[in-house]
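Just below is one structure, and these are the notes that go with it.
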Amino acid sequence: MAPAGIPLLLFVVLVDSYTGSTKARITVSEETKITNEGSCVTIPCFYDIPEDKTLDLLWFKDSQYDHDSRMFIGTIVYSNTGKRPQSPGYSGRVEYITNIKSKTQHGQQTINEMQCDLRITDLQKTDSGNYSFRYIGPDPHIFMSKAMNLTVTGQTPEWTSSPSKEMIIETEKGENGTQVTKLKLTVTWKDDNRILSCRPANSDDSCQIRNITLSVEYSPKETHASVSSNDVKETNSVTLSCTSRGRPEVTYTWFKKNKGKLQQISDLDLRQMKPEDSGEYYCEAKNSLGVMKSNEISINVKFGPKGVTVTPPYNINDIKEGDTVTLKCSVERQNPPASRFVWYKNNRIQQETSETFIDRKVTAAVQKYKCEANNGINKGQSQELTVNVKYSPRNINIQGKTSVKVGSRLELTCSADAHPQPVYKWTFPPGLSFSPLSKGKLETQPVTIEHAGEYTCGVTNTIGTKSESTNVKVLYPPRNINLMMQSEVREFEVISVICTVQSFPTSKFTVTKNLDNLLNIPECRRNSTEYENKVIIFLNVTESDAGTYKCTAKNTEGQEETNKKLTVLYAPKNVTASFKGDQKSASELTLTCEACSNPPVSSYEWTKLNNGQFETLKQHQQLHFNSLEISDSGQYVCIAYNAIGKAKSPPLDIRVKYTPNITIVHNTTTSAQWNLPVYLSCIADAHPPATEYKWYRQEDNTTVLSQQQNFTVLPQNPGLYYCTATNDIGLSRSKQIALFVSTSLSVFLKIVLPIIFLLVLIVVVIFLIRRNIIKIRSDQQSGADNLLCLFPAFLSRSSRVQNLFLLGSRNNTQENLSLDDPNYAQVNLSYPIQPSQNPTQGQDLNPRPKPNIQTVYAAIKLPQKKQKRHSPKQQQKTGNMDNTSMNYVTLDFKGQNEPRKIMPETSAVYAMVSRNKQAKSSQAENSDYENVSSACAPKLPLTNMEWESDTSEEEEVNYSTVSCSTKPAVKEVKPNQKRHFSSSSSDEDDRTEYSDIKT
């Protein structure tokens with residue numbers, strides 16, 4: 001906010017919107033206006049534009065140009081567009097004043113100068129700021145004015161009203177530094193609705209005036225009743241009004257003297273006033289503080305004459321034609337009395353206007369008189385007085401049907417005007433007989449054609465005689481109708497349809513075929529001629545003309561019809577092929593061929609479009625598929641034959657519906673693209689098309705990764721991905737695709753793992769064969785030339801998989817039989833091939849396979865031993881060792897072709913047995929060791945032995961003596977040949993035993 005008195009200037013770049021010399025501009029005063037809070041201000045503004053354009057007009061407060069949005073932002077005080085609405089704080093306080101003026105610049109061009117004043121009322125201190133005007137038209141007509149600074153200050157209000165001695169004015173400071181002026185005064189009921197005004201002191205600004213209207217509660221005062229009109233006439237409406245002053249709001253009740261309460265309302269509407277509504281009326285005004293009765297109103301209802309009658313002074317029944325009649329108009333009651341009378345004779349106004357009417361020389365016939373009395377308020381009319389004047393017959397009328405049907409009743413009635421009553425006599429054609437006449441009626445039944453003719457009625461009374469005649473016609477319905485036409489024709493032949501009938505009056509013909517009128521057939525195929533009671537139609541026949549033809553003859557008396565059938569022979573038409581069943585794969589479907597023909601279709605033929613040509617499938621009306629296949633999709637056409645010709649059906653398109661066949665398309669071309677996202681697309685071949693796609697990762701196949709057809713996999717999300725597609729038929733799943741999975745793992749899963757599984761099977765087979773061989777040789781006397789040599793090696797459980805890989809690389813035979821079974825051990829058999837191998841060479845810590853070494857592994861099953869019951873402490877100490885410990889023995893057999901060497905006595909071959917913690921009953925029973933004997937070649941240093949330890953601090957390692965000799969028997973280990981070693985951390989059961997190997 002700029003300090004008061006210092007104008008804040010906004011520099012706006014005005015864009016030149018014209019290519020000519022005239023430049024559009026906006027004129028807004030740049031002065032600073034200072035005004036008081038609560039007042040109003042008008043900011044003058046004009047802008048020039050060469051021609052009329054649709055503009056967006058905006059008034060801003062404290063506007064700034066935003067380079068990001070490329071528009072001015074700020075508080076919008078006024079806007080004529082919904083794109084940038086007005087700020088809520090100015091709602092109801094802003095008025096945009098505009099007008100158009102024309103002016104000429106430099107005597108050359110006339111432009112329009114538009115007024116764009118902004119008026120703000122009820123100013124607040126927050127309205128202080130810089131105001132600028134902007135209009136936006138078609139580019140480049142976009143301009144922004146300079147800003148005018150407005151400063152709003154506060155001012156102490158002052159109460160003003162009409163002078164009163166009871167007023168007490170007090171001024172005090174309110175919250176936030178505002179001035180509060182209080183006014184105290186004593187009020188009466190006359191102060192109700194009194195207006196008090198407040199405005200700042202020493203201010204003549206009318207915009208700052210605030211008005212307050214007083215509301216004083218008091219009982220009803222000045223209660224007054226009035227009537228809308230003092231001249232009340234019958235049927236008029238009158239409004240009785242009751243007024244009173246009082247607060248709270250008063251209620252009004254109307255009363256009528258000698259009748260009581262009428263209605264609780266301020267304005268009582270009395271509609272359709274009647275004479276009995278006359279009387280005295282008053283009202284009462286009532287509120288919670290009291291009741292007040294009004295003055296009385298007298299209502300006198302004026303009404304017209306009632307009970308008006310015509311009175312003859314003598315008997316009128318003896319009046320004859322030419323006599324004089326005297327009548328008087330009498331009124332029963334009226335207000336005021338009637339002053340004018342109107343007489344009517346036979347509903348015609350007469351010239352007489354007095355109370356008495358004289359009719360001289362009355363004419364024949366019935367005379368009707370009535371009078372009307374008028375008192376200026378309304379009119380009253382009497383009932384008609386009928387005077388029967390005697391006269392001779394006249395106005396003879398014969399009533400009855402003059403056209404009758406044969407066999408019906410003929411009734412004729414003759415009537416006439418006459419007084420006194422006349423006598424009637426009928427004259428009719430000779431040779432007819434009728435029932436006796438009575439009062440001019442003639443009757444006969446049944447009517448025949450002979451009753452047609454002229455009938456005369458004669459009327460006679462004491463005054464004279466007259467007669468009247470009529471002609472009677474006898475009618476009969478159509479009969480003997482006949483339809484002549486051929487019964488069978490070929491299509492496009494011309495036939496004639498002739499229909500005749502007898503009737504009177506003449507009949508009208510209608511010839512229809514299956515309820516369709518033949519006259520609706522186009523004239524190019526039809527020619528018709530109609531005569532009296534006869535019609536002829538020539539017709540060029542088509543297949544649609546076959547059916548039942550009906551000729552109907554109709555007149556006023558009735559109708560008759562006859563039928564005849566026409567058969568049209570034609571070749572098959574409207575051949576249609578339809579299907580029944582579901583067009584799903586493996587579903588049952590039946591195609592049916594139907595056609596219209598006469599004679600009926602003799603045979604059908606089914607064809608299918610194949611490579612642009614239709615091939616014949618079957619010659620039956622129906623083509624049945626027990627189990628639909630996708631290859632069954634295609635266009636099928638049915639051909640219908642009869643004796644006249646043949647026709648084909650429109651192609652029937654069969655599309656077999658099937659579940660999606662999914663193919664995953666991706667952008668990966670090489671396995672080296674590990675750092676780029678992979679874009680996957682789930683392509684589904686299906687009918688109907690797939691409507692739902694879902695992506696999954698095999699590692700978490702319960703979570704839907706995406707429901708879109710396309711899916712992107714980032715390098716940080718490796719795994720096996722697949723998608724599913726669903727259509728109306730069902731759901732299908734794609735094959736898995738491995739993305740960002742390491743090469744070694746992929747090779748292991750795809751190549752190594754199957755090879756390992758195959759090798760395991762081979763090892764099992766070899767083990768079974770070798771175990772049988774060892775068992776047989778242990779029972780026989782073995783020779784030196786055919787025995788196996790073994791050498792020991794330690795294989796731990798952690799190195800089994802690695803050893804298997806090493807064996808596979810050496811092209812050796814391996815067996816891995818139940819390595820997790822604690823009753824088995826591995827045997828490593830080595831056959832050195834090169835005798836010149838130097839045993840003194842250094843040993844590799846991780847020995848690799850040598851080409852001159854063949855190693856065979858085998859498993860040795862140790863005898864089951866009875867387990868010893870341990871104490872809880874021992875069970876807690878050993879943990880799961882009893883369940884997981886294994887019994888191994890590794891034997892190293894040297895080949896016979898190796899030169900015999902004398903080994904030092906200190907060198908030893910060890911056998912390791914890791915056994916379960918089992919109960920020991922005795923040294924003789926369930927020995928912990930197993931001795932193996934074989935014919936051995938000279939011993940060599942243990943250069944080919946592979947050592948791996950599978951012991952821990954808590955495991956027990958036992959070594960036993962293995963004796964290799966030429967004797968077939970297995971030597972037992974002697975007790976005195978064992979050395980006992982114990983550890984300070986183990987008990988008697990946890991100890992390690994070693995022994996030498998004897999050769």
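Here, residue 1 is the first one in the sequence, and each next residue gets the next number. Just the heavy atoms: all of them, side chains too, but no hydrogens, waters or symmetry mates, feed the values below.
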For a 4.5 angstrom cut-off between non-hydrogen side-chain atoms, does [X] reach [Y]?
X: V308; Y: C329; answer: yes
X: K370; Y: N347; answer: yes
X: P44; Y: D117; answer: yes
X: V342; Y: N374; answer: no
X: S132; Y: S145; answer: yes

Enclosure of [X] [atom1] (heavy-atom neighbours >12, cutoff 6.0 Å):
X: Q351; atom1: CD; value: no
X: K33; atom1: NZ; value: yes
X: N230; atom1: CG; value: no

Shortest non-hydrogen separation from [X] to [Y] and the atoms involved:
X: V331; Y: A373; result: CG2-CB, 3.7 Å
X: A225; Y: N295; result: N-OD1, 2.8 Å
X: E31; Y: M148; result: O-CG, 3.0 Å
X: P689; Y: N727; result: O-CB, 3.5 Å
X: P305; Y: A338; result: CG-CB, 4.2 Å
X: T311; Y: S330; result: OG1-OG, 3.8 Å

N/O donor-acceptor pair under 3.5 Å between [X] side chain and [Y] backbone:
X: Q334; Y: G304; result: no
X: Y252; Y: S244; result: yes
X: D127; Y: E37; result: no
X: N346; Y: K368; result: yes
X: T121; Y: C40; result: no
X: S128; Y: V152; result: yes
X: T251; Y: K286; result: yes
X: D191; Y: T188; result: yes
X: T353; Y: F341; result: no
X: N375; Y: F303; result: yes

Look up atom [atom1] in [X] and atom [atom2] in [Y], then write down how far apart they are to the nearest 0.5 Å.
X: L327; Y: E355; atom1: CG; atom2: CD; result: 12.5 Å
X: D277; Y: K256; atom1: CG; atom2: NZ; result: 5.5 Å
X: T309; Y: E332; atom1: OG1; atom2: CD; result: 8.5 Å
X: I297; Y: Y282; atom1: CD1; atom2: OH; result: 12.5 Å
X: K61; Y: L150; atom1: NZ; atom2: CG; result: 9.0 Å
X: Q115; Y: F46; atom1: CD; atom2: CZ; result: 5.0 Å

What pairs of donor and acceptor atoms, side-chain ones from residues 65-76 against any protein atom, are under 3.5 angstrom apart with sequence neighbours left out?
{"unit_1": "D66", "atom_1": "OD1", "unit_2": "D68", "atom_2": "N", "d": "3.3"}
{"unit_1": "D66", "atom_1": "OD2", "unit_2": "S69", "atom_2": "OG", "d": "2.9"}

Looking at R84 and D56, is any side-chain nitrogen of the basic one under 4.0 Å from a carboxylate oxygen of the acidic one?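 Not counted as a salt bridge, because no side-chain N and carboxylate O are separated by less than 4.0 Å.
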Dump the intermediate steps for side chain to side chain contact (heavy atoms under 4.5 Å, CB included) on T223 and E284, then the final yes or no. CA-CA 8 Å; T223 303; E284 287 184 354; over 6 Å; no
I would like to know whether T27 and C45 meet side chain to side chain contact (heavy atoms under 4.5 Å, CB included); could you show each step before the answer? CA-CA 6 Å; T27 303; C45 171; over 6 Å; no
Under a 3.5 Å threshold, yes or no: a donor from one side chain and an acceptor from the other, between [X] and [Y]?
X: N300; Y: S298; value: no
X: R119; Y: T42; value: yes
X: E217; Y: S215; value: no

Checking side chain to side chain contact (heavy atoms under 4.5 Å, CB included) for the pair M144/S63: CA distance, chi angles, key distance, verdict? CA-CA 10 Å; M144 185 75 172; S63 63; 3.2 Å; yes
Does N335 form a side chain to side chain contact (heavy atoms under 4.5 Å, CB included) with I377? I'd like the steps, not just the answer. CA-CA 8 Å; N335 181 24; I377 303 301; over 6 Å; no
Hey, which of Y131, Y96, Y90 is the one that makes ring pair (Phe, Tyr, Trp, His ring centres under 6.0 Å) with Y78?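 Going through the options one by one, the only one that passes is Y96.
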Would you tabulate the side-chain donor-acceptor contacts of residues 704-712 under 3.5 Å, counting partners in other chains and residues two or more places apart, or write 'none'?
{"unit_1": "S706", "atom_1": "OG", "unit_2": "Q708", "atom_2": "N", "d": "3.1"}
{"unit_1": "Q709", "atom_1": "NE2", "unit_2": "C682", "atom_2": "O", "d": "3.0"}
{"unit_1": "N710", "atom_1": "OD1", "unit_2": "S681", "atom_2": "OG", "d": "2.9"}

Measure the acute angle between the ring planes of W59 and F133, then classify it against the limits of 30° and 60° as parallel, tilted or perpendicular. tilted
Looking only at the aromatic ring of each residue, does the gap between the centers of Y47 and Y135 stay below 6.0 angstrom? yes
By side chain to side chain contact (heavy atoms under 4.5 Å, CB included), which residues pair with K345, not counting sequence neighbours? Q350, D359, Q367, Y369
Quick test of your reading: applying ring-ring contact (aromatic ring centres under 6.0 Å, His included), list the pairs with at least one residue in residues 223-242, sequence neighbours left out, ordered by first then second residue. none
Donor-acceptor pairs under 3.5 angstrom involving side-chain atoms of residues 265-276: please list them, not counting sequence neighbours.
{"unit_1": "D267", "atom_1": "OD1", "unit_2": "S241", "atom_2": "OG", "d": "3.2"}
{"unit_1": "D269", "atom_1": "OD1", "unit_2": "T239", "atom_2": "OG1", "d": "2.9"}

Disulfide bond (SG atoms under 2.5 Å apart) contacts touching residues 243-305 (sequence neighbours left out):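 Sorted pair list: C242-C283.
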